[in-house]
Amino acid sequence: MTTKLNHLLENVDVIEIIGNTDKNITSVESDSRKAEQNGLFVAVKGVTTDGHKYIPVVSSAHVAAVVCEEFPTILDKGVTYVKVKDSAEALGHIASAWYGHPSSHLTLVGVTGTNGKTTTATLLYEMAKLEGYKAGLLSTVCNYIGEKAVPSTHTTPDPLTLNRLLGEMVSEGCDYAFMEVSSHSTDQKRVAGLVFSGGIFTNLTRDHLDYHGTVDNYMRAKKRFFDMLGPDAFALINIDDKSGRFMVQNTKAKVYTYSLRTDADFRGKVIETRLDGTLLELNGHEVDVMFTGKFNAYNLTGVYGASILCGFNPSDVLVNMSRLVPVAGRFQPFVSPDGVAAIVDYAHTPDALVNVLDTIRDIVGTNGKVITVVGAGGNRDHGKRPMMAQEAACRSDILILSSDNPRNEEPEAIIEEMAAGLSEEELKRTIKITDRRVAIQEAVAMAAPGTVVLIAGKGHETYQEVKGVRHHFDDAEEVREALRKRNQ
């Protein structure tokens, strides 16, 4: 593929150019190790390294052009240097142009928020297919180009990967694309240059403070997504969340609302909750769905509203709501022959644990027991660890603190940080088992009929990351095996 440099720079805010822009570019890279002869290198100031350090290296590799925020001291005569204010943002626009502006050929809808992004984006993808359209999905669990699965490495990919995947969706004839938009991606300008037809805000609670530093920074990173929406787009917000209105203060998009508590454009109401589903009312119409819990009622109300805003027939949408299936690792139930239920859920924040455990408590009633297995990821926000343990302990009869993805930390140290948030009384009902497999087996083995065991934190993940190495580990597989052993 070959494109003129001046074409790639059409939507870039250029400060100064040294050299000729009427030249052919054969590749675009932001990784200096992949820079090629006659290619374009975009020097981005990243979290761990600064691409500007590698400009001399790529220049000696005979790239055709370099986009940067600061010109290097020594200029190569054969290289065109383009100075921009923000090279991360420039990369987004360049990547979009390189792949033919694919987002402008799709109805692209982004979903942001602390919890519910994966479920909402995935269900909209499934809804589009049920409505008879070809669609694409970019999510934490897996990416899809039509029906073809593409492994996912990030919630929101880098600009070049993102536009390449969107371009493949266009080539495959997709009409719609749905994607999770993480706070990291808006902060790092990964979604710059994309044309969104709509955006959805689910909720906001404490998360990713290891990166953003404060809740305010985290919230403003989410808000940037709505700031970038155009006047032809829609912004659908959960107004039951206190941050909902803040998200759309400066948006140019047309704002719509959804709620379970008050008047809104799309109003949901939980009529009946069961372990295997919910009777839900949506804008006055009852529908039985295969999802459990108030948090899922919010997700489904958002999906219902977004489906209509995407132009799907409202009557068909209601029918198809009952055909939607839960996402793997999101309140995924398993039941033994003797009446022990286990739930695998991705809940890895204090608020998510509250949502899941409150739902389980509503189902089991006053006589049922709840056992929770939970850990916290290493090299992440330390402040939420005692909070997670506290929320889990006050809603569980027995709490088992175990390993999640310890990464480069010692799992026992993480468990002790979690336990620090517990009272003496809560500690009496708490067991510490570092080995997650053993923890799951113990929880299932000690459960009496009628007990619900929650395995929280990893959900869909199929690995355990220890000291930089990922080992295969699947909570769902472990639960099935523990239930099998119980009923031998």
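Every heavy atom of this structure was used, including side-chain atoms; hydrogens, water molecules and symmetry mates were not. Numbering starts at 1 and runs along the sequence shown.
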Are the charged groups of [X] and [Y] less than 4.0 angstrom apart, N to O?
X	Y	answer
E281	R267	no
R437	E481	no
R395	D358	yes
E477	R480	no

Would you indicate whether R274, at its atom CZ, is surrounded by more than 12 heavy atoms from other residues, nucleotides or ligands within a distance under 6.0 Å?
yes
Flag if over 12 foreign heavy atoms under 6.0 Å of NZ, K294:
no
Anything under 3.5 Å between a donor and an acceptor, one on a side chain of residues 407-415, the other on a protein residue two or more places apart or in another chain? List them.
from: R407; atom 1: NH1; to: G378; atom 2: O; distance (Å): 3.1
from: E409; atom 1: OE1; to: R385; atom 2: NH1; distance (Å): 3.2
from: E409; atom 1: OE2; to: N379; atom 2: N; distance (Å): 2.6
from: E409; atom 1: OE2; to: R385; atom 2: NH2; distance (Å): 2.7
from: E410; atom 1: OE2; to: K467; atom 2: NZ; distance (Å): 2.9

[X] and [Y]: side chain donor to acceptor below 3.5 Å:
X	Y	value
N238	Y298	no
Q332	D475	no
D265	T257	yes
S197	Y176	no
E69	H52	no
R190	H184	no

Quick one, V42 with V84, criterion side-chain contact (heavy atoms from CB on, under 4.5 Å). Give me CA distance, side-chain angles, the key distance, then yes/no.
CA-CA 10 Å; V42 184; V84 297; over 6 Å; no
Check whether the ring centres of F225 and F196 lie less than 6.0 Å apart, and answer yes or no.
yes
Parallel, tilted or perpendicular: which one describes the rings of [X] and [Y], with boundaries at 30° and 60°?
X	Y	value
Y346	H348	tilted
F295	F331	tilted
F201	F226	perpendicular

Does NZ or CZ of K458 lie under 6.0 Å from the centre of the six-membered ring of Y463, at an angle within 45° of the ring axis?
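Yes, K458 and Y463 form such a contact.
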Cationic tip of K223 above F246 ring, under 6.0 Å, 45° of axis:
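Output yes; distance and angle both within limits.
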What pairs meet the salt bridge (charged side-chain N to carboxylate O under 4.0 Å, His left out) rule with one or both residues in residues 241-258, with sequence neighbours excluded?
none
